[in-house]
S.K.: 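Structure in structure tokens, see below.
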Amino acid sequence: MKLPLVELHLHIEGTLEPELLFELAERNAVTLPWASLDELRAQYDFADLQSFLDLYYRALDVVRERIDFADLTRAYLARARTAGVRHAEIFFDPQAHTSRGVPLGTALAGVRDALDRSVDEWGITTKLIVTFLRDRPADEALQILREILADGVAIDGIGLDSAEVGYPPALFTEVFDLARAHGLRLVAHAGEEGPPDYVWQALDLLGVERIDHGIRSLEDEALLDRLVRDRVPLTVCPFSNVRLRVIDTLADHPIVRMLDRGLLACINSDDPAYFGGYIDDNLAALDAEFDLGPDRLALLARNGIEASFLTPAEKAALLDEVETWLTARREPASGPATAIRSS
Ligand code: HPA
Ligand code: ZN
């Protein structure tokens with residue numbers, strides 16, 4: 001049995017693997033600036049968030065038709081299934097597509113095609129969270145949200161992503177007010193590269209229910225008190241933090257400190273095609289680095305379940321499965337000592 005996982009911080013655009021990228025380039029007759037897979041992979045050496053985003057948006061040029069969006073989403077779900085993911089709340093960036101002439105309806109329909117079959121095909125329940133690019137005008141986000149609501153496309157929530165510093169949450173209050181009025185769930189990237197003040201703003205001005213990343217919250221004790229008191233989840237992405245140089249090495253990652261401080265932190269993959277691995281790879285690397293062991297792996301899995309937008313009954317069912325996994329790990333005769341991946 002695999003540890004049952006929930007993934008809450010995953011940009012579907014960030015799951016575009018080099019092989020699929022080349023396949024879609026051929027399908028859509030797009031001329032790429034990279035001659036080979038190796039030449040493309042050589043670009044995956046990022047100085048910071050912006051240098052990653054430049055490549056991330058550029059690579060999307062190959063994703064054009066409804067079927068491309070469905071194929072991209074299906075490829076993620078297939079890989080997530082092997083990781084033990086049972087529920088995924090997936091980010092989708094409309095402006096990364098509308099800004100290059102792909103109609104919103106085309107992109108969203110393709111993603112929905114894959115998500116609508118996800119339970120049957122992969123045994124994975126999903127939610128869809130539309131994320132707005134904070135380095136573009138709030139009015140544009142508002143326009144797109146109105147369009148989605150008018151078209152009746154099934155989305156579950158909204159979030160905020162892209163270049164953080166200089167684009168505080170306060171700019172987006174109107175967008176989040178509209179989403180709240182329509183019963184959508186609210187999340188935002190904050191405290192990745194930006195200061196703790198952006199986390200405060202996301203909580204107090206946008207009313208978000210989860211903070212994506214939030215790693216810089218560790219610089220503000222009063223903020224930590226607030227996050228612990230209100231059990232505000234932080235969707236932490238260790239490989240992303242290393243690759244985007246938020247921290248130097250995985251050994252410097254504060255995840256254990258975060259858990260010890262009582263934060264509701266869970267592990268996620270962010271943009272797995274670019275950052276060196278999926279959710280299971282992140283957990284396995286943390287386990288190797290910090291010797292987490294079955295108890296803390298189970299704690300991280302439980303935190304993800306609690307932090308999700310699943311119903312109480314759905315959460316309870318997954319939590320039961322985590323306990324079953326843990327019991328098997330505590331009785332070595334019935335299973336291997338540590339195994340995120342063992343089946
Ligand atoms: N941070 C901000 N925006 C993003 C990211 C990220 O890690 N990935 C995709 N868009
Ligand atoms: Zn992210």
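Atoms within each ligand, like the ligands themselves, are counted from 1 in listed order.
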S.K.: Side chains of Tyr274 and Glu13: do they bring a donor and an acceptor to under 3.5 Å?
M.R.: no

S.K.: Do any of the N, O or S atoms of His189 sit under 2.8 Å from the Zn ion (ligand 2)?
M.R.: yes

S.K.: Run the numbers for me: atoms of ligand 1, each under 4.0 Å from some heavy atom of Asp161, listed by number.
M.R.: 3 (N), 10 (N)

S.K.: Check each atom of ligand 1 against the heavy atoms of Phe52 and keep those under 4.0 Å away; list them by number with element.
M.R.: 8 (N), 9 (C)

S.K.: Hey, does Glu13 sit under 4.0 Å from ligand 1 if you only count heavy atoms?
M.R.: no

S.K.: Which residue and non-hydrogen atom of the protein lie closest to atom 7 (O) of ligand 1, and at what distance in Å?
M.R.: Asp270 OD2, 2.7 Å

S.K.: Find all atoms of ligand 1 within a distance of less than 4.0 Å from any non-hydrogen atom belonging to Asp271, and give their numbers and elements.
M.R.: 5 (C), 7 (O), 8 (N), 9 (C)

S.K.: At under 4.0 Å between heavy atoms, is it the side chain or the backbone of Glu192 that contacts ligand 1, or both, or neither?
M.R.: side chain

S.K.: Do the side chains of Leu186 and Leu227 join up, straight or via other hydrophobic residues, at under 4.5 Å, putting them in one cluster?
M.R.: yes

S.K.: I'd like the atom name of the N/O/S atom in His11 lying closest to the Zn ion (ligand 2).
M.R.: NE2

S.K.: Heavy atom to atom 5 (C) of ligand 1, shortest distance: which of Arg134, Glu193, His11 holds it?
M.R.: His11

S.K.: Among His9, His189, His11, which residue meets the side chain to side chain donor-acceptor pair (under 3.5 Å) test with Asp161?
M.R.: His11

S.K.: Parallel under 30°, tilted from 30 to 60°, perpendicular over 60°: which one fits the rings of Tyr56 and Phe52?
M.R.: tilted

S.K.: If we count only N and O atoms by modelled type, under 3.5 Å, do the side chains of Ser269 and Asn282 hold a donor and an acceptor together?
M.R.: no

S.K.: Mind checking whether Gly14 has a heavy atom under 4.0 Å from ligand 1?
M.R.: no

S.K.: Answer with yes or no whether Thr131 contacts ligand 1, where contact means a heavy atom under 4.0 Å from a ligand atom.
M.R.: no

S.K.: Under 4.0 Å, heavy-atom basis, I'd like to know which part of Phe91 is in contact with ligand 1: side chain, backbone, both or neither.
M.R.: neither

S.K.: In ligand 1, which numbered atoms sit nearer than 4.0 Å to a non-hydrogen atom of His213?
M.R.: 7 (O)

S.K.: Looking only at N, O or S atoms, which one in Asp270 sits nearest to the Zn ion (ligand 2)?
M.R.: OD1

S.K.: Does Ile90 share a hydrophobic cluster with Ile129, counting links as ILVMFWY side-chain heavy atoms below 4.5 Å and allowing steps through other members?
M.R.: no

